[in-house]
Amino acid sequence: MDIDDTSQVPLTSKPLESKGTRSTVPHLTVHLPEDRLAGEEPELVTALTEAIVDVYGEWARDLVSIRLAGVPAGRFAQGGKAVETNASVMLGVRAGVFDRPDAAQITARLGAALTDAITRVLGEDFRTGTMVELVASPPERTFVGGALAE
């Protein structure tokens with residue numbers, strides 16, 4: 001079983017089985033203001049990893065892949081004005097998660113958990129400016145190490 005299954009088994013109880021290191025679940029790219037990110041990287045990586053594990057389950061811990069990207073001052077804007085409290089999170093997930101009967105609950109938990117992780121580390125002032133986008137990847141369109149992901 002994996003996250004693509006459409007059964008109502010909670011993500012926290014789904015075993016990884018023999019996916020190996022070529023599995024693609026889950027991967028995050030997080031863009032944050034560079035001056036707010038600097039020095040917070042280890043704590044933020046831990047908080048984001050824990051957020052994913054809280055939703056997916058312990059089996060996913062070793063698969064969580066995080067890329068933190070610092071955005072120079074003045075390059076985050078909202079309403080035509082530079083802001084320093086925005087965060088953009090793109091979470092790559094298997095497309096099958098959206099076909100599950102409990103998809104709305106899972107996606108809501110992911111959005112809330114990742115937002116909470118960012119605000120816990122960088123401050124509550126980030127909450128309203130944090131956007132979490134779930135990006136679906138069909139299995140046949142995902143490659144790791146040059147090979148089709150399992």
Side-chain angles (χ1 to χ4, degrees), residues 1-72 75-76 85-150:
M1 262 188 219
D2 65 25
I3 196 167
D4 289 324
D5 292 338
T6 57
S7 63
Q8 289 187 325
V9 177
L11 288 174
T12 56
S13 67
K14 287 194 178 276
L16 182 58
E17 293 183 4
S18 60
K19 284 289 182 188
T21 58
R22 290 180 38 223
S23 183
T24 60
V25 204
H27 56 280
L28 297 86
T29 301
V30 185
H31 290 88
L32 299 154
E34 180 65 43
D35 61 339
R36 298 289 298 269
L37 174 61
E40 303 293 343
E41 296 91 343
E43 188 176 354
L44 188 57
V45 164
T46 297
L48 292 168
T49 300
E50 292 304 321
I52 293 296
V53 169
D54 285 348
V55 176
Y56 278 73
E58 189 61 39
W59 63 266
R61 182 177 301 281
D62 290 340
L63 296 176
V64 177
S65 174
I66 299 172
R67 290 167 300 284
L68 300 176
V71 178
R75 294 193 180 169
F76 251 117
T85 55
N86 278 17
S88 173
V89 180
M90 292 183 68
L91 171 60
V93 297
R94 292 289 183 117
V97 74
F98 299 111
D99 297 331
R100 293 173 54 110
D102 55 352
Q105 293 86 357
I106 292 168
T107 57
R109 288 174 55 206
L110 286 168
L114 292 169
T115 300
D116 289 347
I118 289 170
T119 59
R120 194 168 37 257
V121 174
L122 299 178
E124 192 62 34
D125 56 335
F126 269 83
R127 185 168 301 280
T128 60
T130 296
M131 179 185 72
V132 176
E133 181 179 5
L134 305 181
V135 180
S137 296
E140 69 276 8
R141 295 183 188 170
T142 304
F143 297 82
V144 177
L148 188 62
E150 297 172 7

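Throughout, numbering of the chain's residues begins at 1 and tracks the sequence. Since this is a predicted model, take the numbers as computed values, not measurements.
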Legend entry - Leu37 vs Leu44, side-chain contact (heavy atoms from CB on, under 4.5 Å): CA-CA, chis, key distance, verdict: CA-CA 9 Å; Leu37 174 61; Leu44 188 57; 3.9 Å; yes
Inset, instruction - Under the salt bridge (charged side-chain N to carboxylate O under 4.0 Å, His left out) rule, collect the residues that match up with Asp35, sequence neighbours excluded. - result: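 Once residues adjacent in sequence are excluded, Asp35 has no partner under the salt bridge (charged side-chain N to carboxylate O under 4.0 Å, His left out) criterion.
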Legend entry - Flag, side chain of Thr107 to backbone of Ala104, donor-acceptor distance under 3.5 Å: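 Flag set: sc Thr107 to bb Ala104 pair under 3.5 Å.
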Legend entry - Main-chain N/O of Pro26 paired to Arg94 side chain as donor or acceptor, under 3.5 Å: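 Such a contact is absent between Arg94 side chain and Pro26 backbone.
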Gap between atom [atom2] of [Y] and atom [atom1] of [X] - 0.5 Å precision:
| X | Y | atom1 | atom2 | answer |
| --- | --- | --- | --- | --- |
| Leu122 | Thr85 | CG | OG1 | 10.5 Å |
| Arg36 | Asn86 | CZ | CG | 10.5 Å |
| Leu63 | His27 | CG | NE2 | 12.0 Å |
| Phe98 | Ile106 | CZ | CD1 | 9.5 Å |
| Met131 | Leu114 | CE | CG | 12.5 Å |
| Leu134 | Leu110 | CG | CG | 6.0 Å |

Inset, instruction - Just jot down the side-chain hydrogen bond (donor to acceptor under 3.5 Å, both in side chains) partners of Thr29, sequence neighbours excluded, or say none. - result: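 Result, side-chain hydrogen bond (donor to acceptor under 3.5 Å, both in side chains) vs Thr29: Arg67.
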Legend entry - Partner set under side-chain hydrogen bond (donor to acceptor under 3.5 Å, both in side chains) for Arg61, not counting sequence neighbours: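 Here the qualifying residues are Glu50, Glu58.
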Taking only residues two or more places apart in sequence or in another chain, which ones pass side chain to side chain contact (heavy atoms under 4.5 Å, CB included) with [X]?
| X | value |
| --- | --- |
| Asp62 | none |
| Ala108 | none |
| Arg141 | Pro138 |
| Ala87 | Leu32, Ile118, Phe126, Thr130 |

Legend entry - Sub-4.5 Å side-chain heavy-atom contact between Ile52 and Asp54: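 SC-SC contact between Ile52 and Asp54 ruled out.
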Inset, instruction - Side-chain contact test, heavy atoms from C-beta onward, threshold under 4.5 Å: evaluate it for Leu48 versus Leu68 and give yes or no. - result: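 A side-chain contact exists here, since the closest heavy-atom pair is under 4.5 Å.
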Legend entry - salt bridge (Lys or Arg N to Asp or Glu O under 4.0 Å) partners of residues 126-140, not counting sequence neighbours, each pair once: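 Output for this query lists Asp116-Arg127, Glu124-Arg127.
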Legend entry - Pairs flagged by salt bridge (Lys or Arg N to Asp or Glu O under 4.0 Å) wherever residues 39-48 is involved - sequence neighbours left out: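 Residue pairs passing salt bridge (Lys or Arg N to Asp or Glu O under 4.0 Å), neighbours aside: none found.
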Inset, instruction - Would you check, one step at a time, whether the test side-chain contact (heavy atoms from CB on, under 4.5 Å) holds for Tyr56 with Val97? - result: CA-CA 11 Å; Tyr56 278 73; Val97 74; 5.6 Å; no
Legend entry - Full working for side-chain contact (heavy atoms from CB on, under 4.5 Å) between Val93 and Val135: CA-CA 6 Å; Val93 297; Val135 180; over 6 Å; no
Legend entry - Shortest non-hydrogen separation from Ala117 to Ala47 and the atoms involved: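 Minimum heavy-atom contact is CB-O, 3.5 Å.
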